[in-house]
Amino acid sequence: MAADRAPGLAECARALADGEVSSRVLVEEALARIEATQGTLNAFRLVRAEAALGEAEAADKELAAGVRRPLLGVPVAVKDDMDVAGEPTAFGCRGDFQPVAEDGEAVRRLRAAGAIVVGKTNTCEFGQWPFTEGPAFGETRNPWHTGHTPGGSSGGSAAAVAAGLVPAALGSDGAGSVRIPASWTHLIGIKPQRGRISTWPRAESFHGITVNGTLARTVEDAALLLDAASGSHARDLHRPPTLRVSDAVVREPGRLRIALSLKPPFTALPARLQPDVRARIVALAEGLAALGHEVEEADPPYGQIGLTFVPRATAGIAERVREAPHPHLLDRRTREAARVGRLLGGAPLRMARRAEAMLHRRIGGLFKTYDVVLAPTTAAPPPRIGALAQLNGLGTDRAMIAACPYAWPWNVLGWPGVNVPAGFVDDALPVGAQLLGPANSEPLLVSLAAQLEAELRWHERWPTVEAHGALREFRPPAAS
């Protein structure tokens, strides 16, 4: 195993179980990579060096005694909106935060699977924006080109995995916050069915639009982490049926009917798919057709779905602001969103929640004709650092919608989506495509993503981090 970048999640788990490497070594190497890149990438808000090493030693004792768990001894990272016992949960905000007493349910399940949380990754304030920057922690940068953002709000997790600091990480997705950074860092990003991974200690997050998901370099690793973190807390509001998604990685998807959707859903602000990004998505659609799938252009009947998103998102921000220990330190845009959320948190929020059943019926009708929707994950490649962070509220909304108009409807619906790499534009910047399905369709989406991965082998391409932002891509040596 190379120490300069993390082996895959499944590879680590197999090597540990076979006694080829110790957990202590894997954790030490991960910590060394994090330290070496923190000044350049700034992926982590908090690193649990001493605690993680102690947990690694305990894992090695279990392994030596013959204990086997899915991720026993494997280092991973989680986004800093998730509770890790003994650590603060700042969620991108400034100020001092008290350590929490208990793990959140997703972290508890990861630990039960044997994983070791080496740190908590950076995220923008309350996860609102598709960039990971702020006065609380600075700028998190894209390993493919450090002059650009890795996206957000799970940008720290994406940067950590894309640079090979850890083999996989948890993020959360309320309007694309797993899929967008996965797209912009050349990763697999799984946004699962609502409730698949618990958001406890919240029975639901942001009125049901935000779910926890996984980021990894391969479909196998993303699905393995998903299975390890999946499961409900007794007090969760959403409890979908149990699935073992990783089994689908080696299963052929069969011949599928795929709707290629290039039209952005309606928004009040302008959005246009950039031609170079469109070309990458169309090329991916052509690749799916070459694999035997039936692909034709068709758009989900979204209608005015945005009217149901805004009350849920802003009311969720208002709740977080009420709970914040230092509200005076929050970004002015956050306080503006909270004011809107307080206005929309009554009847408009109730109407938005009631509209979901109608949207399920209307948009779900598309899946009587098609099995999967293929759509861009973003309309543009990752912006430069600072391009959005310094804007006012309306300016941020305009820039955000222009770059990222495609992901959020599936958060309203609560259905699964998987980002897959779609290539590069401007010779350097990654972009991605979404595979979208109806409720509980993670196995089908993962099976299709794995089939694409076997053909395109996107996981063989690595970035090399350089201090001044120039891209130098790692390519594996040709087979002898």
Side-chain angles (χ1 to χ4, degrees), residues 92 122-142 144-156 158-159 171 173-185 189 206 209-210 262-278 280-281 305-306 309-310 313-314 316-317 330-341 375-409 411 419 425-426 428-432 434 469:
N122 277 324
T123 173
C124 59
E125 196 167 281
F126 295 141
Q128 299 169 82
W129 305 304
F131 55 85
T132 302
E133 303 170 47
F137 59 88
E139 301 159 342
T140 297
R141 295 175 177 270
N142 194 319
W144 289 95
H145 197 303
T146 55
H148 291 255
T149 182
S153 60
S154 305
D173 190 314
S177 286
V178 162
R179 290 162 290 157
I180 290 166
S183 167
W184 284 346
T185 59
F206 288 89
I209 62 174
T210 295
L262 299 172
K263 181 180 178 182
F266 172 78
T267 60
L269 298 170
R272 183 180 71 89
L273 179 59
Q274 290 191 11
D276 50 356
V277 180
R278 184 185 191 280
R280 302 317 312 146
I281 308 305
I305 190 172
F309 175 81
V310 174
T314 57
I317 293 293
L330 295 173
D331 191 296
R332 179 167 50 85
R333 292 167 294 183
T334 299
R335 298 195 300 269
E336 290 172 357
R339 281 194 289 272
V340 174
T377 303
T378 68
R384 294 195 68 84
I385 291 289
L388 281 70
Q390 305 304 320
L391 299 175
N392 62 19
L394 179 59
T396 301
D397 289 344
R398 286 183 178 277
M400 182 165 56
I401 290 170
C404 304
Y406 288 99
W408 58 270
N411 294 89
N419 177 80
V425 299
D426 298 335
L429 300 173
V431 294
Q434 299 179 91

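Note that this is a predicted model, so its numbers are computed, not measured.
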> Does Thr185 reach the side chain of Pro430, with side-chain heavy atoms less than 4.5 Å apart?
Replying inline: no
> Mind checking whether Trp129 and Phe131 have parallel, tilted or perpendicular rings, split at 30° and 60°?
Replying inline: parallel
> If you measure from CD on Glu133 to CD1 on Ile385, what distance do you get to the nearest 0.5 Å?
Replying inline: 4.5 Å
>> Applying the side-chain hydrogen bond (donor to acceptor under 3.5 Å, both in side chains) criterion to Trp184, which one of Asn142, Thr378, Asn419 satisfies it?
In response: Thr378
> How many angstroms lie between atom CG of Asp173 and atom CZ of Phe206, to the nearest 0.5 angstrom?
Replying inline: 12.0 Å
>> Ignoring hydrogens, what is the shortest heavy-atom contact between Pro381 and Asp426? Give both atom names and the distance.
In response: CG-OD2, 4.2 Å
>> Which heavy atom of Arg141 sits nearest to which heavy atom of Thr146, and what is that distance?
In response: NH1-O, 2.6 Å
> Side chains of Ser177 and Ser153: donor-acceptor distance under 3.5 Å anywhere?
Replying inline: yes
>> To the closest 0.5 Å, what do you measure between CD (Glu336) and CG (Leu330)?
In response: 12.5 Å
>> Rounded to the nearest 0.5 Å, what separates atom CD in Glu125 from atom CD1 in Ile317?
In response: 8.5 Å
> What's the shortest heavy-atom distance between Tyr406 and Pro376, and which atoms?
Replying inline: CB-O, 3.2 Å
> Nearest heavy-atom pair of Ala175 and Ala407: which atoms, and what distance?
Replying inline: O-CB, 3.6 Å
>> Quick one, Arg179 with Asn411, criterion side-chain contact (heavy atoms from CB on, under 4.5 Å). Give me CA distance, side-chain angles, the key distance, then yes/no.
In response: CA-CA 11 Å; Arg179 290 162 290 157; Asn411 294 89; 2.7 Å; yes
> Just wondering, do Pro270 and Arg398 contact through their side chains at under 4.5 Å, heavy atoms?
Replying inline: yes
> Testing Thr396, Asn392, Asp397 for side-chain hydrogen bond (donor to acceptor under 3.5 Å, both in side chains) with Arg333, which one passes?
Replying inline: Thr396
> Which value, rounded to the nearest 0.5 Å, describes the distance between Thr149 atom OG1 and Leu429 atom CG?
Replying inline: 11.5 Å
> When you measure from the side chain of Thr377 to the backbone N and O of Gln434, does any donor-acceptor pair fall under 3.5 Å?
Replying inline: yes
>> Looking at every non-hydrogen atom in both residues, tell me the closest pair between Ala399 and Leu391 and how far apart they are.
In response: CB-CD1, 3.9 Å
> Atom CE of Met400 and atom CH2 of Trp408: how far apart are they, to the nearest 0.5 Å?
Replying inline: 11.5 Å
> Heavy-atom count around Arg335 CZ within 6.0 Å, excluding the residue itself: above 12?
Replying inline: yes
>> For Pro130 versus Leu388, what's the shortest heavy-atom pair and its separation?
In response: CG-CD2, 4.2 Å
